[in-house]
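Here is the structure we will look at, set down as structure tokens.
Quick caveat, the model's predicted, so the values are computed rather than measured. For ligands, and for the atoms within them, numbers begin at 1 and follow the listed sequence. Keep in mind that the numbers below use all heavy atoms, side chains included, and drop hydrogens, waters and symmetry copies.
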Amino acid sequence: MEKEKIIEVKDLIFYYEDKKKVLDNVSFEIYKGEYVTLIGHNGSGKSTLAKLLSYILEPIDGKIYIEGEELNENSIKNIRSKIGIVFQNPDNQFIGSTVEDDIAFGLENRNVKQQEMRKIVKEFATKVGMDKFLNKEPEELSGGQKQRVAIAGILALNLKIIIFDEATSMLDPEGVEEIRNLILTMKKENPELTVISITHDIEEAYLSDRVIILNEGKIYKNDVPNEVFKDEEEMRKIELDIPFVLKIKNELSKRNIIVPSEIKTIEGVAKFLCQ
Ligand SMILES: Nc1ncnc2c1ncn2[C@@H]1O[C@H](COP(=O)(O)OP(=O)(O)OP(=O)(O)O)[C@@H](O)[C@H]1O
Ligand SMILES: [Mg+2]
């Protein structure tokens, strides 16, 4: 079956006032239902790309298509009903006066009825573990709690495409895992949900369907995780590491123990070795 393109980025060029190219002729495609991770060191242009994809910034040159429709000021209203972004800094995202208002905000814009809205808000607050905080104000929340609220607010909208820009960077390791599992469960329930996750967590990247690496304004790699992380030396050159589990697999392969490529977790490797 032919994969269906949901995002197409063509020859994208972007710079800020200083005219230094942040994105230099970037092109790629994302397919419906994919879980793509976008990685690259600090300042490589990841958040800028996310803002261009949601039209918070306008391209200097090049085009972006969402489901075949060109992203521009005429199409943005329609496209905003398909694509949502959870920002890197949760303070820039908190709009409501309480957690409940904040999660409800996007739903209000979509004219969801009051009673239905309260139900959805409660459901998603519970999913991210914030149901006990519905009446709290943003000042009363920790950074990680604000990130949880921001994630609930986007997930509640039932969008086709969600971009997470380091959306769990302030969560503890259990919290990161919990949210990752929540998103994977939602993707299972709705295989058409497309997720772009911007992350410094290369273990997460290793588990995604595809990894795009940005480096010096250009796409450095765009492939399945096992291909992208194949060459440890090369990764180091662009200040990136390879996943820990892959290091173990590489060490094992030097000892002629070949772990199948589909095994991607430490637990999986351990089980394989104990067979
Ligand atoms: N509002 C702005 N005005 C001017 N320059 C900016 C602005 N925002 C970002 N930049 C510059 O653009 C480049 C890319 O920034 P961006 O935030 O997209 O990087 P990033 O890959 O998301 O980094 P990080 O991993 O730290 O989040 C950086 O050199 C940054 O200094
Ligand atoms: Mg960023």
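- With ligand atoms numbered from 1 in the order given, ligand 1 contributes 27 (O) to contacts under 4.0 Å with heavy atoms of Gln88.
- In this structure, Lys237 does not pair ionically with Glu234, as no charged nitrogen and carboxylate oxygen lie closer than 4.0 Å.
- Glu166 counts as a contact of ligand 1, since one of its heavy atoms falls under 4.0 Å from the ligand.
- A salt bridge between Arg255 and Glu251 is present, with a side-chain N of the basic residue lying under 4.0 Å from a carboxylate O of the acidic one.
- Close N/O approach between Gly40 and ligand 1 is not found [any backbone or side-chain N/O within under 3.5 Å].
- Between the side chains of Glu29 and Tyr65, no donor-acceptor pair of N or O atoms lies under 3.5 Å.
- At a heavy-atom distance under 4.0 Å, no atom of Lys20 approaches ligand 1.
- The protein non-hydrogen atom at the shortest distance from atom 25 (O) of ligand 1 is Lys46 NZ, 2.7 Å.
- In this structure, the protein non-hydrogen atom closest to atom 17 (O) of ligand 1 is Ser47 CB, 3.7 Å.
- A salt bridge does not link Lys10 with Glu70: every distance from a Lys NZ or Arg NE/NH1/NH2 to an Asp or Glu carboxylate oxygen is 4.0 Å or more.
- For Phe244, the CZ atom counts as loosely surrounded, since its 6.0 Å shell holds 12 or fewer non-hydrogen atoms of other residues, nucleotides or ligands.
- Less than 4.0 angstrom separates atom 2 (C) of ligand 1 from at least one non-hydrogen atom of the protein.
- Glu232 and Arg236 are joined by a salt bridge, as a carboxylate oxygen and a charged side-chain nitrogen come within less than 4.0 angstrom of each other.
- For the pair Asp201 and Arg180, the salt-bridge criterion is met [side-chain N within less than 4.0 Å of a carboxylate O].
- The shortest N/O to N/O separation between Val22 and ligand 1 does not fall below 3.5 Å.
- Side-chain N/O atoms of Asn72 and Ser75 include a donor and acceptor closer than 3.5 Å.
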Verdict with supporting geometry, Lys51 and Asp165, salt bridge (Lys or Arg N to Asp or Glu O under 4.0 Å)
CA-CA 10 Å; Lys51 286 175 193 158; Asp165 189 354; over 6 Å; no
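- The nearest N, O or S atom of Gln88 is closer to the Mg ion (ligand 2) than 2.8 Å.
- Atoms of ligand 1 lying under 4.0 Å from any heavy atom of His200, numbered from 1 in the order shown and given with element: 25 (O).
- With distances taken over non-hydrogen atoms, the option nearest atom 26 (O) of ligand 1 out of Ile39, Asn42, Asp165 is Asn42.
- A pairwise comparison of heavy atoms in Leu193 and Leu159 identifies CD1-O, 3.4 Å as the closest pair.
- Of the protein's non-hydrogen atoms, the one nearest atom 10 (N) of ligand 1 is Tyr16 CE1, 3.3 Å.
- Numbered from 1 in the order shown, with element, the atoms of ligand 1 that lie under 4.0 Å from a heavy atom of Thr48 read 14 (C), 15 (O), 16 (P), 18 (O).
- Note on Ser47: counted as a metal contact of the Mg ion (ligand 2), an N/O/S atom lying under 2.8 Å.
- Relative to atom 28 (C) of ligand 1, the option among Ser169, Gly43, Ser44 with the closest non-hydrogen atom is Gly43.
- Distance check for atom 31 (O) of ligand 1: every protein heavy atom is found at 4.0 Å or beyond.
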